[in-house]
Engineer: 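Here's a structure for you.
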Amino acid sequence: MDLNIQITKTTAPKAKPTDESKLGFGKIFTDHMFLMDYAPETGWANARIVPFGPIPIHPASTVLHYGAEIFEGLKAYRTLNGDIKMFRPMENIRRLNNSAERLCLPQIDEDFCLKIFDTLVELEKDWIPHQEGTSLYLRPFLYGNDESLGVHAVHHATFALICSPVGAYYAEGINPVKIAIESDDVRAVRGGTGYAKCGGNYAASLRAGEKAEQKGFTQVLWLDGVERKYIEEVGSMNVMFKIAGEIVTPKLTGSVLPGITRKSCVELLKEQGYPVSERLISVDELFEAAENGTLEEAWGTGTAAVVSPIGWLSYKGKEYTVNGGKIGPVTQALYDELTGIQWGKIEDTRDWCHKVC
Ligand code: COI
């Protein structure tokens with residue numbers, strides 16, 4: 001599959017942000033976006049880059065009624081030598097297709113998808129911020145577009161890509177966040193859509209997230225949906241703990257998102273000689289470790305969140321401080337190594353970074 005991408009440039013380019021320390025996350029959008037449409041008769045067609053703006057949608061469209069939507073998140077960086085690079089984009093593309101399979105949405109050819117990312121990023125390269133800790137966040141999304149209220153697998157769909165210059169995801173930046181362990185709502189169950197990156201998973205997480213925020217927490221940590229016992233992930237990131245020298249991260253049981261930053265961190269930590277275990281970890285084990293002093297560090301991993309230290313954990317009225325509420329040495333080293341590779345400060349020996357231009 002290699003469609004021609006038609007490009008219509010905006011006649012009214014927007015002013016770019018001048019203060020890169022105030023970008024925040026996902027509030028500013030670039031001048032253009034990518035769109036293409038799927039129909040059974042044509043396959044993917046009408047691949048186009050157009051000025052950024054509203055997308056018309058039929059009121060009976062499948063996505064509005066039955067939530068047929070998946071998305072991805074990846075970043076393009078301005079590296080030290082001036083190259084523009086994306087971090088492991090093929091991993092995002094493969095996960096996008098896995099999510100599409102789960103929601104009966106059409107697949108996208110991997111190489112063509114990379115060409116879409118490359119074309120839009122190159123066109124928008126002047127929007128990529130310069131300051132350390134900033135990047136251009138790419139948000140590809142794919143949604144069902146059948147104009148019918150029957151509940152069936154999707155036949156018509158749209159694939160879109162928008163870009164946003166971003167800074168840190170959390171207001172705390174690289175400072176430790178406060179996390180509440182949720183004991184009522186669950187995010188996902190095995191056999192459900194937990195491993196897929198679909199909008200519905202995030203919609204289901206909002207009530208608990210709001211409740212936690214009102215109590216002063218940054219995000220919620222989810223327990224498994226069956227026994228409500230095993231740790232799964234945090235609102236917008238996977239989670240890792242250092243317990244008595246061992247790095248532990250919840251294994252991918254089907255209800256946990258297979259994070260690309262998670263995978264990269266596991267690979268980096270193993271190479272550095274840490275014992276890393278992807279296994280079930282119960283909330284009781286975690287709090288026993290917190291109480292007997294063997295919970296040494298906790299952090300989240302995600303494209304948006306990068307590597308984000310967790311300083312406080314709360315569960316059923318009990319609160320625990322991790323590493324005195326400060327970023328730990330392994331978390332800091334992991335953040336430095338990963339961002340060093342992404343920003344071109346450290347040699348990319350694993351071929352993780354894809355050069356756009
Ligand atoms: C990402 O890390 O890219 C995500 O998709 C998390 C998010 C929902 C902001």
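Since this is a predicted model, take the numbers as computed values, not measurements. Worth knowing before you read on, the calculation uses all heavy atoms, side chains too, and leaves out hydrogens, waters and symmetry mates. Order of appearance sets the numbers: ligands from 1, and atoms from 1 within every ligand.
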Engineer: Within 45° of the six-membered ring axis of Y77 and under 6.0 Å from that ring's centre, is NZ or CZ of K85 located there?
Structural biologist: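 Verdict for Y77: no cation-pi partner in K85.
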
Engineer: What residue and atom, counting heavy atoms only, is the protein's closest point to atom 9 (C) of ligand 1, and at what distance?
Structural biologist: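 Closest protein heavy atom to atom 9 (C) of ligand 1: Y169 CE1, 3.6 Å.
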
Engineer: Quick test: of every protein heavy atom, which one is nearest to atom 4 (C) of ligand 1, and how far off is it to 0.1 Å?
Structural biologist: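 Answer, as residue, atom name and distance: K197 NZ, 3.4 Å.
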
Engineer: Using the rule side-chain contact (heavy atoms from CB on, under 4.5 Å), only one of V306, L74, L23, V166 pairs with S135; which is it?
Structural biologist: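 For S135, the side-chain contact (heavy atoms from CB on, under 4.5 Å) test succeeds with only one of V306, L74, L23, V166, which is V166.
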
Engineer: Give the numbers and elements of all ligand 1 atoms closer than 4.0 Å to a heavy atom of F71.
Structural biologist: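 Listed by number with element, the hits are 5 (O).
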
Engineer: Run the ring pair (Phe, Tyr, Trp, His ring centres under 6.0 Å) test against Y169 and tell me which residues pass, sequence neighbours left out.
Structural biologist: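 Listed in chain order: F25.
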
Engineer: Can you check which of M237, E72, K75, R139 brings a heavy atom nearest to atom 7 (C) of ligand 1?
Structural biologist: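 Ranked by closest heavy atom to atom 7 (C) of ligand 1, first place is R139.
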
Engineer: Considering non-hydrogen atoms of the protein only, which is the closest contact for atom 2 (O) of ligand 1, and what is the distance?
Structural biologist: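 Answer, as residue, atom name and distance: A304 N, 2.8 Å.
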
Engineer: List in chain and number order the residues that pass ring pair (Phe, Tyr, Trp, His ring centres under 6.0 Å) with Y320, two or more places apart in sequence or in another chain; answer none if no residue qualifies.
Structural biologist: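 Partners of Y320 under the ring pair (Phe, Tyr, Trp, His ring centres under 6.0 Å) test: F287.
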
Engineer: Could you check atom 8 (C) of ligand 1 against the protein and tell me its nearest heavy-atom contact, residue, atom and distance included?
Structural biologist: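 Minimum-distance protein heavy atom for atom 8 (C) of ligand 1 reads Y202 CE2, 3.5 Å.
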
Engineer: Please determine which of K211, R187, R207 meets the salt bridge (charged side-chain N to carboxylate O under 4.0 Å, His left out) test together with E182.
Structural biologist: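 Of all the options given, the one that passes is K211.
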
Engineer: In the protein, which heavy atom is nearest to atom 1 (C) of ligand 1, and how far is it?
Structural biologist: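 The answer is Y137 OH, 3.4 Å.
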
Engineer: Report yes if some heavy atom in the side chain of V121 is under 4.5 Å from a heavy atom in the side chain of I128; otherwise report no.
Structural biologist: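 Touching, per the 4.5 Å side-chain cut-off.
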
